[in-house]
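What you see below is based on every heavy atom in this structure, not just the backbone, and it leaves out hydrogens, waters and symmetry mates. To find a chain, count down the sequence lines: A is the first, B the second, and so on, and within it residues start at 1.
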There are 2 protein chains.
Amino acid sequence: MELGDFRAEFDDALARNECLSFFCSCEIAYSGRAEAHLAQGDRMIFIKNDNTLLIHQPVGSAPINYMKAGGHITLKPVSGNGQKYLHLKCVTADLKEYLDVQIFRVHTFMHHKLEDGAKQELAGNERDMSDMLKENPHLISDDFKPLSREEHTKFGFIDVFGHDKKGNLVIVECKRYTAGLDAVTQLRRYVEKIEELKGVKNVKGILAAPTISPNAKEMLEKWGFSFKAVEPPMRLDRFNKSQKSLVDW
Amino acid sequence: MELGDFRAEFDDALARNECLSFFCSCEIAYSGRAEAHLAQGDRMIFIKNDNTLLIHQPVGSAPINYMKAGGHITLKPVSGNGQKYLHLKCVTADLKEYLDVQIFRVHTFMHHKLEDGAKQELAGNERDMSDMLKENPHLISDDFKPLSREEHTKFGFIDVFGHDKKGNLVIVECKRYTAGLDAVTQLRRYVEKIEELKGVKNVKGILAAPTISPNAKEMLEKWGFSFKAVEPPMRLDRFNKSQKSLVDW
DNA sequence: TACTACATCTCGCAT
DNA sequence: ATGCGAGGTGTAGTA
């Protein structure tokens, strides 16, 4: 696609607040929270309604460059060093971040006004897991009595909080995947804070997750906490519902 | 765009391992690490060389749905309930994750073979910050003598490790942004492990970051550690280099 | 492969 | 706005 034509259509689409996407050959520089440079190559570039700008290489999940919503976007022709190219620029409102793209060739370009008010519903996150543990305390232990869930304190928030028959306070930290060292330190922080706050010493810490890493287990036991193997809820759902069709959710 | 035409062109482009991007009206279901559903609306869909699949709503940085590289992608026509649509499906090789997209309308479509072997150079990450502190130990204190950087141990890795003139071991944990509770617990874990490993008690913990949150500071001081205000390196670079042009990196 | 921590993390929620 | 933690986190580095 000829660069002049591209520029005219780009500006027009941008002015109408459409979404834009194009494949191009470009070179990229970013300056802001870090400094980055990417040599010339083919990429796909997206610009959204809110001026979010995403640049993707032909492989990988994460964008190689991006600017968050609200940036100021411009596209200017440049002639220099015997070559012509377009300079796509995006600057944040506070002028702290810059993205500069030298566009040498545009392979294909499309733009359209997109309408979408839908929000994704999601099941099987950590919140659902703590719900499950509060509703099914036997998954933790026979004498666990949950009192609250997602208790917010100024030093963090506790997934499930309760007590046992022996009068111990019990704090449960749950993770959907293999619990690591960070999960243990997090649990420890909560336990110590509750002990301090309530002025007691009989606070039990329980880490509930499908699995735990060896080092984390070692540290957990050293601190007198315990691990309880618990599957995250949506895995159980799928097992129980035996292959219901995915399209009709 | 007519759905039949789209399908033919889609299959052809996919077979040739091109990158594909299109705007469409669709409804989405995901099942795998969680269960998700997104009602009908306009989105942009990307498919990369490695079968990475990304779906973006018209606003926001993160994809609303995605499948990582290596999935098996198919597009089939469906007639049912008096309506016709296309069923875009992506399944991981281990069959543990499914993405199902009902495509009701395709607004625009493009595809092209992208060639890109470039890798991004990036400066100003945490590694650069620990480098800076090792090279300029006075940023920590006048008597800090660094010994190693990014020391890997089985219980985590320490950003900068050294000692002072009084013979204390010194562990520096650095963060590029405001240090929070997690940074303090991380530092504490390293300090305690080193004390245990070396059988000593004189290990000083220092948290180096541009700022620290109030709760984190409270916890830091309670544990006898200290905070040192340090700017991440690339901010200094920009200040020192006084506005060098961004395009010529 | 598993484990660990960073990320220009992003996002949501609560203060 | 800031603080805090989850995320279908993704990604890199290492044992």
Item checked: Residues that A:Glu135 engages under salt bridge (charged side-chain N to carboxylate O under 4.0 Å, His left out), provided they are two or more places apart -> none
Looking for any heavy atom pair under 4.0 Å, which part of the strands does [X] touch: base, sugar-phosphate only, or nothing?
X	answer
A:Gln120	nothing
A:Lys175	sugar-phosphate
A:Ile64	base
B:Gln186	sugar-phosphate
B:Met67	base

For atom [atom1] of [X] and atom [atom2] of [N], their distance in whole Å:
X	N	atom1	atom2	answer
A:Lys119	C:dC11	NZ	P	12 Å
B:Lys193	C:dA5	NZ	P	12 Å
A:Glu97	C:dA7	CD	C1'	13 Å
A:Asn125	C:dT10	CG	C1'	16 Å
B:Tyr30	D:dG7	OH	P	13 Å
B:Asp131	C:dC6	CG	P	15 Å
B:Glu173	C:dT4	CD	P	15 Å
A:Asp94	C:dT8	CG	C1'	13 Å

Note to self: Any donor-acceptor pair, under 3.5 Å, between the side chain of B:Asp182 and the base of D:dG5, if you only look at N and O atoms?
What the structure shows: no
Item checked: side-chain hydrogen bond (donor to acceptor under 3.5 Å, both in side chains) against B:Glu126, all qualifying residues, sequence neighbours excluded -> none
Check: If the sugar-phosphate is the primed atoms plus P, OP1 and OP2 and the base is the rest, what is the B/S/- string for nucleotides 9-15 of chain D, using protein heavy atoms under 4.0 Å?
Finding: SSS--S-
Checklist line | Along DNA chain C (nearest heavy atom to each residue), the more 5'-positioned of B:Glu126 and A:Ala216 | finding: A:Ala216
Give a yes/no on whether any side-chain N or O of [X] is located under 4.0 angstrom from OP1 or OP2 of [N].
X	N	value
A:Tyr190	D:dG5	yes
A:Asn215	C:dT4	yes
A:Arg189	D:dG5	yes
B:Ser213	D:dC4	yes

Notebook entry, point to check: What do you reckon, do B:Phe157 and the base of C:dT4 stack, with centroid distance below 5.5 Å and planes below 30°?
Noted result: no
Check: What residues, two or more places apart in sequence or in another chain, satisfy side-chain contact (heavy atoms from CB on, under 4.5 Å) together with A:Glu196?
Finding: A:Lys193, B:Lys222
Checklist line | For B:Ser213, all residues meeting side-chain contact (heavy atoms from CB on, under 4.5 Å), sequence neighbours excluded | finding: B:Thr178, B:Ala216
Notebook entry, point to check: Side chains of B:Val170 and B:Val172: closer than 4.5 Å at any heavy-atom pair?
Noted result: yes
Check: Taking atom types as modelled, is there a side-chain donor on B:Ser25 or B:Gln40 under 3.5 Å from an acceptor on the other?
Finding: yes
Margin query: Going by ring-ring contact (aromatic ring centres under 6.0 Å, His included), B:His152 matches just one of B:Phe157, B:Phe161, B:Tyr190. Which one?
Written below: B:Phe157
Scan the side chains in residues 54-67 of chain A for donor-acceptor partners under 3.5 Å anywhere in the protein, sequence neighbours excluded, and list what turns up.
from	atom 1	to	atom 2	distance (Å)
A:His56	ND1	B:Lys48	NZ	2.9
A:Gln57	NE2	B:Asp116	OD2	2.9
A:Gln57	NE2	B:Ala118	O	2.9
A:Asn65	ND2	B:Gln120	OE1	3.1

Next item on the list: Could you measure between the two P atoms, the one in D:dC4 and the one in D:dG8, and give it in whole Å?
Entry: 22 Å
Item checked: Gap in Å between the two C1' atoms, one belonging to C:dC6 and one to C:dT10, rounded -> 14 Å
